[in-house]
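Inspection log for the structure reproduced underneath, given as structure tokens.
Side chains are part of it too, since the values below use all heavy atoms of this structure and drop only hydrogens, waters and symmetry mates. Everything numeric here is computed off the predicted structure, so don't read it as measured data. In what follows, chains are A, B, ... by sequence order, proteins preceding strands, each numbered from 1.
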Amino acid sequence: MPEKEKKIKVKKGTPIAQSVPRELLPEIVAARIGDTAVDLSFIPDRDEEAELISADTEDGLRILRHSAAHLTAQAVLSIYKDAKLNAGPPTEDGFYYDIQMDPISLEDLGKIEARMKEISARKLKIERIEMTREDLEKKFAQNRFKLDKIVAKVKPGQRSTVYRQGDFEDFCTGPHVPDTSYLGAVKLLSVASTNYLGDVNREKMVRIYGTAFPDRKSLEHYLAMRDEALKRDHRKIGQEMDLFTFNSERAPGFPLYAPNGQWIRSMMVGFMKNLNEKYGWQEVWTPHLFKDTMWKQSGHYAKYKDNMYLFQLSDGDSYAIKPMNCPGHITIFERTMYSYRDLPVKYFEAGTVYRYEKSGEVGGLTRPRAFTIDDGHAFLRMDQMVAEITAVLAMVREAFSAFFESPEMIYDLSVIDKENYDNYLISYHCNSCNTISDIRKAAVEELRCPACGSTGLEPDFRRWDAATDALRMALQSNGIPYKEFPGEAAFYGPKIDIHVKDALGRSWQLSTVQLDFFMPINFELSFINEQGKKETPVMVHRAIYGSYERFLVILLESYAGRLPTWLSPLQCYVVPVSQSFSQYGQKVAEALKARGIRTVLDDSNETMNRKIRNVRRLRPSYIVVVGAKEAESNTVSVRNRDEKQSVHELDRFAEALEKEIDERRIQQTL
RNA sequence: GCCGUCGUAGCUCAGCCUGGUAGAGCGUGUGCUUGGUAAGCACAAGGUCGCGGGAUCGAAUCCCGUCGACGGCUCCA
């Protein structure tokens with residue numbers, strides 16, 4: 001969204017609104033002086049330059065939506081007198097308000113929304129009122145959620161603000177739109193429950209979700225997109241296309257792929273195998289079970305045992321079904337002694353992992369209990385890090401360009417939060433014996449030097465810094481824009497996560513590239529360096545699709561199931577006009593199948609119209625109709641995914657289609 | 001795991017509030033029809049109403065429990 005640059009001069013002693021050009025006023029919601037966003041009613045105490053914030057900018061929308069949250073709260077309070085407000089922030093595409101009240105249902109939203117419209121139409125002025133902490137405490141004495149916030153955010157003796165519209169007041173720093181008439185295009189969307197401060201032991205709250213836009217039209221557009229997203233839900237499309245099933249009694253949370261779904265999967269797996277080989281990754285296979293001792297060594301057991309499928313055999317040995325592929329790949333790396341000349345050693349596998357997700361967390365293919373990662377692990381020398389990460393980034397771009405016309409990719413660099421490192425595996429330097437040890441503080445009872453038992457340990461971030469620098473370098477030298485997120489790193493190292501935006505503007509986290517110095521240490525991995533000495537390699541963990549399941553979701557939802565032909569489980573559906581042309585239909589189907597085109601001939605005793613109607617849910621790439629005309633001229637009458645019809649000579653058609661599939665064309669050629 | 005909503009035929013859903021042993025459309029099967037690009041006609045099969053328990057003469061319907069799905073919260077190596 002382009003930020004509109006509108007700067008105006010504002011005069012000391014007069015509200016900003018008075019200096020805003022009259023024609024702009026309806027779309028301006030607030031202003032920025034320096035770095036601070038302020039209300040239009042703000043009166044500067046000296047002449048200033050102010051930047052106008054219009055409702056269609058990112059900041060403007062947030063202000064508008066936050067004001068809409070206030071409006072929601074006002075409406076709720078006017079209907080449900082006992083409701084107690086907690087907080088109502090804007091979100092990425094709307095807002096919510098958390099309110100302690102009796103549960104309400106979707107039907108109740110209409111009533112609340114109607115009240116909101118009324119209030120909006122009254123054009124209530126939204127006023128900012130400064131108060132002392134003591135006055136705030138008095139005003140919100142009946143609401144301990146607000147009191148908590150006042151205590152937490154306003155120091156004794158300090159002042160803060162309340163926003164008032166009509167009889168409604170909320171503790172809030174603002175800014176807000178000038179009056180409620182700016183909130184004409186609002187919509188309440190859903191209701192959910194939550195707990196105060198996200199803590200299951202605290203009070204239950206009702207969360208009302210909604211959104212707001214500067215005008216009716218953009219709201220309508222948003223709602224249309226939202227409807228479209230619902231229509232494209234992969235669970236619905238997967239059902240229609242007969243791709244997969246879930247059996248909630250036999251295997252809750254585990255997808256089972258039917259033939260059509262498995263066909264798509266194998267296309268994706270095959271594509272990834274080629275891509276990996278092109279970039280020098282070698283395919284391996286690892287078992288689905290390992291003894292728990294390995295998971296203890298890798299550190300996964302300590303951190304994730306609650307999410308692992310663990311079991312014990314009658315002889316007493318304990319096993320875990322793999323929740324990760326890396327220890328398996330490490331085990332393969334360990335089988336032999338590598339020379340520095342052999343590095344990088346790069347293994348990949350379409351590795352299915354099993355994670356026990358808690359009951360409320362599973363959902364469709366986006367959060368299954370078993371999923372397959374296009375997993376790769378590289379073992380490198382320090383001097384190979386930047387080059388290898390650069391190569392992985394290129395691989396990612398190549399992969400996504402094959403599936404999407406012009407994929408929009410967003411890069412996040414997740415780094416350690418040095419203020420808050422207990423959860424990370426880092427090196428500690430012992431002040432009394434100078435030993436360096438690698439410890440994750442959160443996983444041990446007490447932080448002690450393993451060599452001398454001293455508690456005088458200093459964190460040493462040098463390895464984290466080197467890894468982070470390598471990732472930054474790879475991004476920067478390729479001119480890739482990225483954002484850094486402190487505290488988001490994996491426990492063993494920093495990572496780059498790559499998000500892709502889909503057709504409906506939603507962004508999905510897919511690829512991840514992680515650097516890891518610690519797993520090689522845990523497993524005492526080594527290679528022989530130029531000096532003939534053992535040296536510890538660096539590991540890169542990377543996945544490109546992320547998981548096949550998630551990637552399938554994105555493909556299905558962004559193409560609404562109408563996949564590029566090479567990925568389509570039903571490439572040609574041959575319909576003879578009547579059974580008297582079954583023979584020619586068969587000839588056509590055979591010709592297509594001979595070229596490896598997935599073809600189904602429907603010579604059943606049904607009308608052509610019904611066949612076409614019923615096959616649509618399967619999203620065939622091409623519907624091929626044949627009758628007297630076609631049989632005579634050896635042609636086919638073809639309808640593509642966009643309902644475009646055309647007639648082709650049979651061989652020409654088969655040839656073109658074969659080419660379209662071989663070249664993995666995204667668009668249809670006919 | 002927590003909160004809320006929901007669970008009836010392969011699919012989509014009605015019936016539940018106000019108890020009297022189950023309904024529609026699509027799909028499936030059979031027959032008729034032999035058709036020119038999204039609804040030709042007829043008949044039929046198909047459900048112990050997620051599972052378990054309770055109160056009732058009687059439960060899909062009311063109550064309790066349980067499993068599961070969905071929307072959120074928390075989590076996501």
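- The residue from A:Phe518, A:Trp464, A:Phe491 that alone fulfils the ring pair (Phe, Tyr, Trp, His ring centres under 6.0 Å) condition with A:Tyr424 is A:Trp464.
- Contacts of A:Gly253 with the nucleic acid, taken as non-hydrogen atoms under 4.0 Å apart, involve only primed sugar atoms and P, OP1 or OP2.
- At the phosphate of B:rG1, OP1 or OP2 sits under 4.0 Å from a side-chain N or O atom of A:Ser359.
- Base engagement by A:Pro323 is indicated by at least one non-hydrogen atom pair under 4.0 Å involving a base atom.
- When distances are taken from the side chain of A:Tyr304 to each of B:rG1, B:rG50, B:rA77, the shortest belongs to B:rA77.
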Legend entry - Worked check of salt bridge (charged side-chain N to carboxylate O under 4.0 Å, His left out) between A:Asp412 and A:Lys483: CA-CA 5 Å; A:Asp412 291 349; A:Lys483 274 194 200 161; over 6 Å; no
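- Rounded to whole Å, atom P of B:rC76 lies 13 Å from atom CD of A:Gln514.
- Distance from the side chain of A:Val577 is smallest to B:rG35 among B:rG35, B:rA77, B:rC73.
- Note on A:Gly299: nothing from the nucleic acid sits closer than 4.0 angstrom, heavy atoms only.
- Backbone-only contact: A:Val362 has heavy atoms under 4.0 Å from sugar-phosphate atoms and none from a base.
- Looking at the side chain of A:Asn605, the nearest of the listed nucleotides B:rG68, B:rU33, B:rG40 is B:rU33.
- Closest to the side chain of A:Arg616, from the set B:rA38, B:rA69, B:rG36, is B:rA38.
- Checking B:rG1, B:rA69, B:rG72 against the side-chain heavy atoms of A:Lys358 singles out B:rG1 as nearest.
- Scanning atom types as modelled, no donor and acceptor separated by under 3.5 angstrom connect the side chain of A:Arg610 and the base of B:rC26.
- The aromatic ring centroids of A:His377 and A:Phe333 lie 6.0 Å or more from each other.
- Per the geometry, CZ belonging to A:Arg619 stands 17 Å off P belonging to B:rA38, to the nearest Å.
- Set against B:rG36, B:rG27, B:rG1, the side chain of A:Ala628 has B:rG36 as its closest nucleotide.
- Looking at heavy-atom distances under 4.0 Å, A:Lys611 makes no contact with the nucleic acid at all.
- Shown are A:Arg232, A:Arg619, A:Arg617, A:Lys231; of these, the salt bridge (charged side-chain N to carboxylate O under 4.0 Å, His left out) with A:Glu240 is made only by A:Arg619.
- For a distance-only test at 3.5 Å, the side chain of A:Gln239 fails to qualify as a donor-acceptor partner of the base of B:rG10.
- Taking only side-chain atoms of A:Asn609, from C-beta outward, the nucleotide of B:rC75, B:rA69, B:rA39 with the closest atom is B:rA39.
- Across all strands, A:Arg355 comes closer than 4.0 Å to base atoms (heavy-atom distances).
- Across all strands shown, A:Glu488 has no heavy atoms under 4.0 Å from either base or sugar-phosphate atoms.
- Contact annotation for A:Phe246: no contact, since no heavy-atom pair falls under 4.0 Å across all strands.
- Among the protein residues, A:Phe581 comes within range of no part of the nucleic acid, since none of its heavy atoms lies under 4.0 Å from any strand.
- In this structure, A:Thr194 reaches the sugar-phosphate backbone alone: every heavy-atom distance under 4.0 Å involves primed, P, OP1 or OP2 atoms, never a base.
- Within the cation-pi definition used here (under 6.0 Å to the ring centroid, within 45° of the axis), A:Arg65 does not qualify as a partner of A:Phe95.
- Contacts of A:Arg639 with the nucleic acid, taken as non-hydrogen atoms under 4.0 Å apart, include base atoms.
- For B:rU74, its base never sits under 3.5 Å from the side chain of A:Asn195 at any donor and acceptor pair.
- Other residues, nucleotides and ligands contribute more than 12 heavy atoms inside 6.0 Å of the NZ atom of A:Lys611.
- Candidate nucleotides B:rC73, B:rG40, B:rU34 were compared by shortest atom distance to the side chain of A:Ser580, and B:rU34 ranks first.
- At a threshold of 4.0 angstrom between heavy atoms, the contacts of A:Thr607 include nucleobase atoms, whether or not backbone atoms are also involved.
- Distance from the side chain of A:Ile612 is smallest for B:rA38 among the nucleotides B:rA38, B:rA39, B:rG35.
- The side chain of A:Gln579 sits closest to B:rG35 out of B:rA38, B:rG35, B:rG27.
- By the 6.0 Å contact criterion, CD on A:Gln583 is open, its count of non-hydrogen atoms from other residues, nucleotides or ligands being 12 or less.
- Place A:Ala490 and A:Gly364 on RNA chain B by their nearest nucleotides, and A:Gly364 ends up nearer the 5' end.
- Across B:rG29 and B:rG46, the matching C1' atoms stand 10 Å from one another, rounded to whole Å.
- Looking at heavy-atom distances under 4.0 Å, A:Asn307 makes contact with a base.
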